[in-house]
Number of protein chains: 2
Amino acid sequence: MNKEELIKQTAKELFFSKGYLHATTQEIADAAGVNRSLINYYFRSRDLLFQTVYHEAVDSLKSQLDDVIYGNTPFKEKLGLFIDVHMKELQKYPYRESFLITEICSKNFALKEKKKSAALHHFLKEIEVEMEKGTIKKYDPIQFVFNLTSLISFPVIMMPLYQKLLDIPKEKYSELIAQRKQIILDNIFN
Amino acid sequence: MNKEELIKQTAKELFFSKGYLHATTQEIADAAGVNRSLINYYFRSRDLLFQTVYHEAVDSLKSQLDDVIYGNTPFKEKLGLFIDVHMKELQKYPYRESFLITEICSKNFALKEKKKSAALHHFLKEIEVEMEKGTIKKYDPIQFVFNLTSLISFPVIMMPLYQKLLDIPKEKYSELIAQRKQIILDNIFN
DNA sequence: TTGCTGTTTAACAATTTTGTTAAACAAAAA
DNA sequence: TTTTTGTTTAACAAAATTGTTAAACAGCAA
């Protein structure tokens, strides 16, 4: 892998996987095994590296589920896939969303992105259809998305904290997470 | 309010309310309207201030719900209260959990806390009883806690991100959050 | 008053973190 | 071969951040 990509991937590793949001350029360089000056060479400044990583994370979050959503599998299976894809990403990058939140809050983001995801729109329509059919409860389809993503992401994102608060050993916690797909599906389809 | 408390409260304001996790001692001092040296006077170092704030946050998270859980209201009302209390706290401190996660990940926390919350234990027992009664679905009671806290917290914590991703204006988002109590209760009691 | 105590501040020092520059290097082109 | 181009490095400079110190200050007690 070329060094530029390596630096970016390593930064993501630190931020999204290890939740190490305070990483300095030196720490990133060390983790990547490159000279710190390379970060300035390829990204000009620490801030620009962060911006790059940020934007790529947003993009990947947006596009992550396109394939699933546009597939013409029936709704229930589609949700199963939705959960699978999301879970797999969470396993790799549990803190990606946390990083994004922190960045958005830190800078007073004058972000221009206004392009509403077409996939999302499609998904919302599909949810509405199912609500009409009575497969799922009837309210604002966004609330359904809230429910779904909350049930998938939150227990994973909060793992280190909830392990402490609920006093659950690591293995037990992993086991609980592994069972969540079925529990979420049960929950959603009453 | 005495300056020591003022500094602590201001730090919490920045971390928990504004999600500004990168705050420097100077920024905290400015926000509190005190001389930066006071932080060192009262807390010795930046790190000790962080530790203090961290531990108070964990404690408050633990004790936050004790009253509700030990009250002898019936289960359904109790959950309603549980949601109310949680939501109120989230309104004030939406990023408290995010801060804790970040801190835990940053330091390689050699944290000693092992005192399992008695309230939690009591709550889990109560959930099990309801599962036996058939009021709610039957699985590991921890999963019920996961579901409940996820549905309550996640949409609030992710607000700035989901506003962007889902392209929802601020007021609409607040409205959606306001409706969540009922939706969560509906969801849990099938 | 003086002396004692705890609080607050500015000035300074030390450290950490970031950014720049010029030189070294390597591989391909002329 | 020399030149060119892009990459990599160490050394330096600049900036930002933290920690320390001594003096100023305010209130109260002796």
Could you tell me the separation between the CD1 atom of A:I28 and the P atom of C:dT17, rounded to a whole number of Å? 12 Å
Could you tell me how far apart B:L6 (CG) and C:dT7 (C1') are, to the nearest whole angstrom? 14 Å
Among pairs that include at least one residue of residues 147-170 of chain A, which meet ring pair (Phe, Tyr, Trp, His ring centres under 6.0 Å), considering only residues two or more places apart or in two chains? A:F154-A:Y162
Pull out every residue in residues 29-50 of chain B that has a heavy atom closer than 4.0 Å to any atom of DNA chain C, ordered by number, or say none. B:N35, B:S37, B:L38, B:Y41, B:Y42
Students should find this one: the first and last nucleotides of DNA chain D, 5' to 3', lying under 4.0 Å from a heavy atom of chain B. What are they? D:dT17 to D:dT20
Are there more than 12 heavy atoms of other residues, nucleotides or ligands under 6.0 Å from atom NE2 of B:H121? no
List the steps and the verdict of salt bridge (charged side-chain N to carboxylate O under 4.0 Å, His left out) for B:E4 and B:K8. CA-CA 6 Å; B:E4 179 172 5; B:K8 235 166 34 188; 5.4 Å; no
Just checking, B:R46 and B:F50: is the charged tip under 6.0 Å from the six-membered ring centre and within 45° of the axis? yes
For DNA chain C, whose closest nucleotide is more 5', that of A:A23 or that of B:K3? B:K3
Donor-acceptor pair between B:E103 and B:S106 side chains, under 3.5 angstrom: no
Taking the side chain as everything from C-beta on, heavy atoms only, tell me whether B:C105 gets closer than 4.5 Å to A:Y20. no
Do the ring planes of A:F123 and A:F144 sit parallel (below 30°), tilted (30 to 60°) or perpendicular (above 60°)? perpendicular
Just one of A:T102, A:V156, A:I157 clears the side chain to side chain contact (heavy atoms under 4.5 Å, CB included) bar with A:E97, so which one? A:I157
